[in-house]
Protein chains: 2
Amino acid sequence: MENSYFNGISCPNEYVLALKDTLNVITGKWKLAIVTTLLFEKKRFSDIQRMIVGITPRMLSKELKELEMNGVVVRKVYDSTPVLVEYELTDSGKKLKHIIDTLVQWGLEHREQAIAAFAEAEA
Amino acid sequence: MENSYFNGISCPNEYVLALKDTLNVITGKWKLAIVTTLLFEKKRFSDIQRMIVGITPRMLSKELKELEMNGVVVRKVYDSTPVLVEYELTDSGKKLKHIIDTLVQWGLEHREQAIAAFAEAEA
DNA sequence: CGGCATCCCGTCGGATACTG
DNA sequence: CAGTATCCGACGGGATGCCG
C-alpha cells in the first residue's frame, strides 16, 4: 500500500486513493471530452470520433479502453454485419457530470476573481 | 480563440475554457498535495517540503510558481535575516477544497459501485 | 466500420549538485 | 533557508499506414 502524501494531516488513506481514482478518470487530453459526448446517449466509435475534433482513432481506442477498465464506460458489441459497437456510460460515468459542472463553476468564479484582482491592482 | 472540442453539443466555449483552467490547476503529481497543505494555514517553503513526502525542491519551486501565476497561491517575502518566505492560498485557492471533496466523494462512490458490479458478476 | 502497429517527439518529473 | 542548474528517463500523445 502506497503512503499518503500528507504527513501530519489527518486524512484517511482511503480518501487519497479515491482522489487518485477520480483524477485518473478526468485527466488527459481526451477523457472528459469522450465522457461528455456520451452523457446523453450512447454512441458508436466513429460517431465519437466525428464529434471530437482532432482525435485520432489510436487515441480514441486507447482512451475508451482505459475508461472501460475504470468502470466508466461499457462496450457493447452487436454481431451484425458490419459489426456494430456501441459505447455507453455506466452509472458512475453519468455521475461525472456533477464533477464537470463543479470544475466549470470554479473556473468561471476564478476568472471573475482574477479580473477583479487585476482591476484592483490597476487602481 | 480556440475551438471547443464538442461539435454539435450546445456548450458555450467559455465553459470549455473554464474547465481547462480548472484542470490546469488540479492536474499534475503535486499541485493538489501542495494546495492541501496550505488549506488551513500558510506555510514556508521548507515546511511544505517536509510535509509532502518525496517532493524535490525543484518540483516544489516549479509548482508553487505555476500556482502563483494561476492565482491560486500568494507568495509573501519578509525581509528579515534569514529571509522568510510564506505561501498562502488566495480565496480561489481556498475554494479548491470543495473540488477536492467532490473528487474524493465520486471516487468513494465509484469504488462501491465497482465492488457491487463485481459481486453481481460473480453471482 | 472499428480498430492495431510502428515511429516519433515534447513535456513531466526524478536525481543530484550547487548558491545567495 | 529558499531556492537554481544540469542531466536524464518515462510517458503522453501525434502521424501514418495497415487489417479483418
Side-chain angles (χ1 to χ4, degrees), chain A residues 2-3 5 16 19-38 41-70 72-88, chain B residues 2-3 5 20 22-38 41-70 72-89:
Chain A
E2 199 174 345
N3 267 336
Y5 292 145
V16 178
L19 181 57
K20 285 186 180 178
D21 284 355
T22 310
L23 287 173
N24 194 30
V25 165
I26 67 175
T27 59
K29 189 169 179 182
W30 303 111
K31 290 215 177 67
L32 275 191
I34 295 171
V35 168
T36 305
T37 68
L38 295 176
E41 46 174 3
K42 54 187 167 185
K43 290 199 172 57
R44 311 175 58 168
F45 190 93
S46 46
D47 290 334
I48 306 174
Q49 194 185 351
R50 220 172 303 115
M51 296 187 67
I52 302 182
V53 179
I55 196 170
T56 61
R58 182 179 106 83
M59 286 311 294
L60 181 53
S61 173
K62 215 189 93 196
E63 301 292 57
L64 281 170
K65 212 170 280 176
E66 289 179 25
L67 289 172
E68 192 190 356
M69 285 195 334
N70 286 324
V72 171
V73 312
V74 178
R75 181 176 188 266
K76 286 181 180 166
V77 183
Y78 300 91
D79 240 356
S80 51
T81 34
V83 175
L84 171 63
V85 182
E86 281 182 339
Y87 293 90
E88 184 175 4
Chain B
E2 198 173 346
N3 268 337
Y5 290 148
K20 284 186 181 179
T22 311
L23 287 174
N24 194 31
V25 165
I26 68 175
T27 59
K29 189 170 178 180
W30 303 112
K31 290 216 176 67
L32 276 191
I34 295 171
V35 168
T36 304
T37 69
L38 295 175
E41 47 174 1
K42 53 186 167 188
K43 290 200 171 59
R44 312 173 60 167
F45 190 92
S46 47
D47 291 334
I48 306 175
Q49 194 184 349
R50 219 172 306 112
M51 296 187 68
I52 302 182
V53 180
I55 196 169
T56 61
R58 182 179 105 82
M59 286 312 294
L60 182 53
S61 173
K62 215 190 91 196
E63 301 292 59
L64 281 170
K65 215 169 278 176
E66 287 180 27
L67 289 171
E68 193 190 356
M69 285 195 333
N70 285 325
V72 171
V73 312
V74 178
R75 180 176 188 267
K76 286 182 180 164
V77 183
Y78 300 92
D79 239 356
S80 52
T81 34
V83 176
L84 171 62
V85 182
E86 281 181 339
Y87 293 91
E88 185 175 2
L89 291 182

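In what follows, every chain begins at residue 1, and chains take the letters A, B, ... in the order their sequences are listed.
In this structure, the NZ atom of B:Lys29 is 15 Å from the C1' atom of C:dT11, given to the nearest Å. In this structure, CD1 of A:Ile34 is placed 14 Å from C1' of D:dG12, rounded to the nearest angstrom. If you measure from atom CD of B:Glu63 to atom P of D:dG3, you get 14 Å, rounded to the nearest angstrom. In this entry the distance linking CD of A:Glu86 with P of C:dC1 reads 14 Å, nearest Å. To the nearest angstrom, P of C:dC4 lies 13 Å from CD1 of A:Ile55. Rounded to an integer number of Å, the gap from CG of A:Asp79 to C1' of C:dC1 is 14 Å. What separates CE of A:Met59 from C1' of D:dA15 is a distance of 13 Å, to the nearest Å. Whole-Å rounding puts the A:Lys62 NZ to D:dA15 C1' distance at 14 Å.
In this structure, B:Ser61 reaches the D:dT4 phosphate: one of its side-chain N or O atoms is under 4.0 Å from OP1 or OP2. Taking only side-chain nitrogens and oxygens, B:Arg44 comes nearer than 4.0 Å to OP1 or OP2 of D:dA2. Checking the phosphate oxygens (OP1, OP2) of C:dC1, no side-chain nitrogen or oxygen of A:Tyr78 falls inside 4.0 Å.
At a threshold of 4.0 angstrom between heavy atoms, the contacts of A:Gly28 are confined to the sugar-phosphate backbone, with no base atom among them. Residue-level contact check: A:Lys65 touches the backbone only, with heavy atoms under 4.0 Å from sugar-phosphate atoms and none from bases.
Overall, the helix from C:dC1-D:dG20 to C:dG20-D:dC1 carries an axis bend of 50° between its ends, with five pairs at each end and the value rounded to 10°.
In this structure, the side chains of B:Val74 and B:Leu89 stay at 4.5 Å or more apart for every pair of heavy atoms. In this structure, B:Val83 and B:Tyr78 have side chains that are not in contact, with every pair of non-hydrogen atoms separated by 4.5 Å or more. Looking only at side-chain heavy atoms (C-beta outward), A:Trp30 and A:Ile52 come within less than 4.5 Å of each other. You'll find the side chain of B:Leu38 stays beyond 4.5 Å of the side chain of B:Glu88, heavy atoms only.
Checked against B:Gln49 for a side chain to side chain contact (heavy atoms under 4.5 Å, CB included), the options B:Thr37, B:Thr56, B:Ile55 give a single hit: B:Ile55.
If you check D:dC1, D:dG14, D:dG3 against the side chain of B:Arg75, the one that comes closest is D:dG3. The side chain of B:Val85 has D:dG3 as its nearest neighbour among D:dG3, C:dG13, D:dC1. Comparing atom distances between the B:Pro57 side chain and each of C:dG14, D:dT4, C:dC1 picks out D:dT4 as nearest. Listed nucleotides C:dG14, D:dA15, D:dT4 differ in distance to A:Thr56; the shortest reach to its side chain belongs to D:dA15.
One donor-acceptor pair, N or O on each side, does fall under 3.5 Å between the base of C:dG13 and the side chain of B:Arg58.
A salt bridge does not link B:Glu68 with B:Arg75: none of the charged nitrogens is closer than 4.0 Å to a carboxylate oxygen. Here A:Arg44 does not pair with A:Glu86 in a salt bridge; the nearest charged N to carboxylate O distance is not below 4.0 Å.
Residues meeting the side-chain contact (heavy atoms from CB on, under 4.5 Å) test with A:Lys65, sequence neighbours left out: A:Ser61.
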